[in-house]
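All residue numbers in this chain count up from 1 along the given sequence. Hydrogens, waters and symmetry mates are skipped; everything else that's a heavy atom, side chains included, is used.
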Amino acid sequence: MKKFFVIFIIVAFNLSAQVKDSLPDFAKEYYLVKDGDTLMIELDEVPVLPKHKFSSRIDVNYYYWFRKKVFKAYPYAALASKRIDSLQARLDRIESKRKKRKYVKRVQKYLEKELTDQIKKMTRTEGRILIKLIHRQTGRTVFENIREFRSGWKAFWYNTTANVFSLSLKDKYQPESVNEDYLIEDILQRAYVDEALEFQEPKLKIDSYKILQAKKGEVNVEEYKKMFAKMRKKRKRKKKKKN
């Protein structure tokens, strides 16, 4: 079966085996925000993040559903940045092109063996978040990373395979203009303040606090509500056919 490399130096995973996004179970406690709780704490020399503005309780639930997916994808993006830095440093010390290719393949095989099973369990939403976070942390899109370390031809075919599953390795991280990316950035900055995620300086230059302040805490999760509405309709149609 063909493998699609989210980023070839981190992992190769079988897209056909990817987990589908399931309907969130809002009965679970970790999706609920109790009165008086907040995602941020005030620290010295840390800008205070704007208070969230939710339209409804259901919007809060969707935000926490999305937050869980960002938390799942972020460590892999951080790992990607570390691996690329170490790989580049090692390649700079190798003069032979043949030895460089051999080293890249050896690193690739090791990481595939180490991480493939974990990444295969990601949903498409988590995969899309990971692609964007890799751009944030490495400063280059997944497509650009593959082209840099392997070839333009392989980058083209990996991206073609990704397109079949409604993913694109060329996706860029644009929190200043794309709502989903803004939500990711909002979640990350609050997680850093809460020390829920380990901070890693992104190589993509963005003014996080300016972006968050501009939105004034607004949270828009309409695209996910629509996504799950479509899923529910499909389920109902399937049940009717069975009956």
Side-chain angles (χ1 to χ4, degrees), residues 6-7 21 24 26 30-33 37-43 46-78 80-81 122-144 162 166-230:
V6 173
I7 182 168
D21 284 296
F26 293 146
Y30 53 74
Y31 284 126
L32 301 178
V33 178
D37 283 353
T38 180
L39 282 176
M40 65 179 184
I41 57 176
E42 186 174 349
L43 300 174
V46 176
V48 177
L49 302 176
K51 185 176 180 180
H52 278 145
K53 295 178 182 178
F54 295 103
S55 298
S56 65
R57 171 64 63 174
I58 193 68
D59 283 11
V60 177
N61 291 333
Y62 273 100
Y63 176 85
Y64 273 84
W65 165 83
F66 188 72
R67 179 176 181 266
K68 183 182 178 183
K69 295 188 175 298
V70 173
F71 271 48
K72 185 175 181 179
Y74 177 78
Y76 295 107
S81 183
M122 280 190 168
T123 67
R124 290 182 187 177
T125 298
E126 290 161 353
R128 185 174 66 251
I129 293 171
L130 176 57
I131 289 171
K132 292 183 176 185
L133 283 177
I134 287 173
H135 182 218
R136 181 186 190 274
Q137 297 309 118
T138 69
R140 292 184 293 198
T141 65
V142 175
F143 184 90
E144 290 168 340
S166 301
L167 295 172
S168 174
L169 304 189
K170 295 182 179 181
D171 275 354
K172 296 182 178 181
Y173 187 66
Q174 301 172 306
E176 69 283 351
S177 58
V178 178
N179 180 63
E180 181 170 75
D181 299 358
Y182 156 73
L183 291 176
I184 294 172
E185 193 63 30
D186 176 84
I187 289 167
L188 290 180
Q189 294 304 321
R190 294 173 192 275
Y192 293 151
V193 172
D194 284 345
E195 297 184 351
L197 289 176
E198 183 180 352
F199 175 77
Q200 183 191 71
E201 188 71 33
K203 290 187 174 60
L204 186 67
K205 300 303 179 183
I206 51 178
D207 191 336
S208 302
Y209 291 104
K210 182 179 180 181
I211 292 170
L212 267 57
Q213 291 292 342
K215 286 285 188 177
K216 298 180 180 179
E218 179 186 351
V219 177
N220 183 345
V221 293
E222 291 303 313
E223 58 188 300
Y224 308 114
K225 292 162 76 172
K226 291 178 181 177
M227 178 178 76
F228 285 114
K230 290 181 179 179

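Qualifying side-chain hydrogen bond (donor to acceptor under 3.5 Å, both in side chains) partners for Glu218, counting only residues two or more places apart in sequence or in other chains: none. Listed by chain and number, the residues in a salt bridge (charged side-chain N to carboxylate O under 4.0 Å, His left out) with Asp171 amount to none (sequence neighbours excluded). Taking the side-chain hydrogen bond (donor to acceptor under 3.5 Å, both in side chains) definition, one finds that Glu223 meets it with Asn179, sequence neighbours left out. For the side-chain hydrogen bond (donor to acceptor under 3.5 Å, both in side chains) test, no residue two or more places apart in sequence or in another chain qualifies with Tyr182. Ser177 meets the side chain to side chain contact (heavy atoms under 4.5 Å, CB included) test with Gln174; sequence neighbours excluded. Applying the salt bridge (charged side-chain N to carboxylate O under 4.0 Å, His left out) criterion to Lys203, with sequence neighbours excluded, gives Asp85.
When atom types are taken as modelled, the side chain of His135 and the backbone of Tyr173 share a donor-acceptor pair closer than 3.5 angstrom. Under a 3.5 Å cut-off, the side chain of Ser81 and the backbone N or O of Gln137 do form a donor-acceptor pair.
Looking at Ile211 and Ser208, their side chains never come closer than 4.5 Å, going by heavy atoms from C-beta outward. Counting heavy atoms from C-beta outward, Glu201 and Phe199 have side chains that approach closer than 4.5 Å.
For the pair Lys170 and Glu144, the salt-bridge criterion is not met [side-chain N within less than 4.0 Å of a carboxylate O]. A salt bridge links Glu185 with Arg136: the distance from a Lys NZ or Arg NE/NH1/NH2 to an Asp or Glu carboxylate oxygen falls below 4.0 Å. Salt bridge present: Asp59 and Lys225 bring a charged side-chain N and a carboxylate O closer than 4.0 Å.
When all heavy atoms of Val48 and Gln213 are compared, the closest pair comes out as O-NE2, 3.2 Å.
Using modelled atom types, one finds no donor on one side chain facing an acceptor on the other under 3.5 Å when comparing Tyr192 with Glu198.
Of the listed residues (Tyr63, Tyr64, Tyr62), just one forms a ring-ring contact (aromatic ring centres under 6.0 Å, His included) with Phe54, and that residue is Tyr63.
Counting non-hydrogen atoms of neighbouring residues, nucleotides and ligands closer than 6.0 angstrom, the NZ atom of Lys53 reaches no more than 12 such neighbours.
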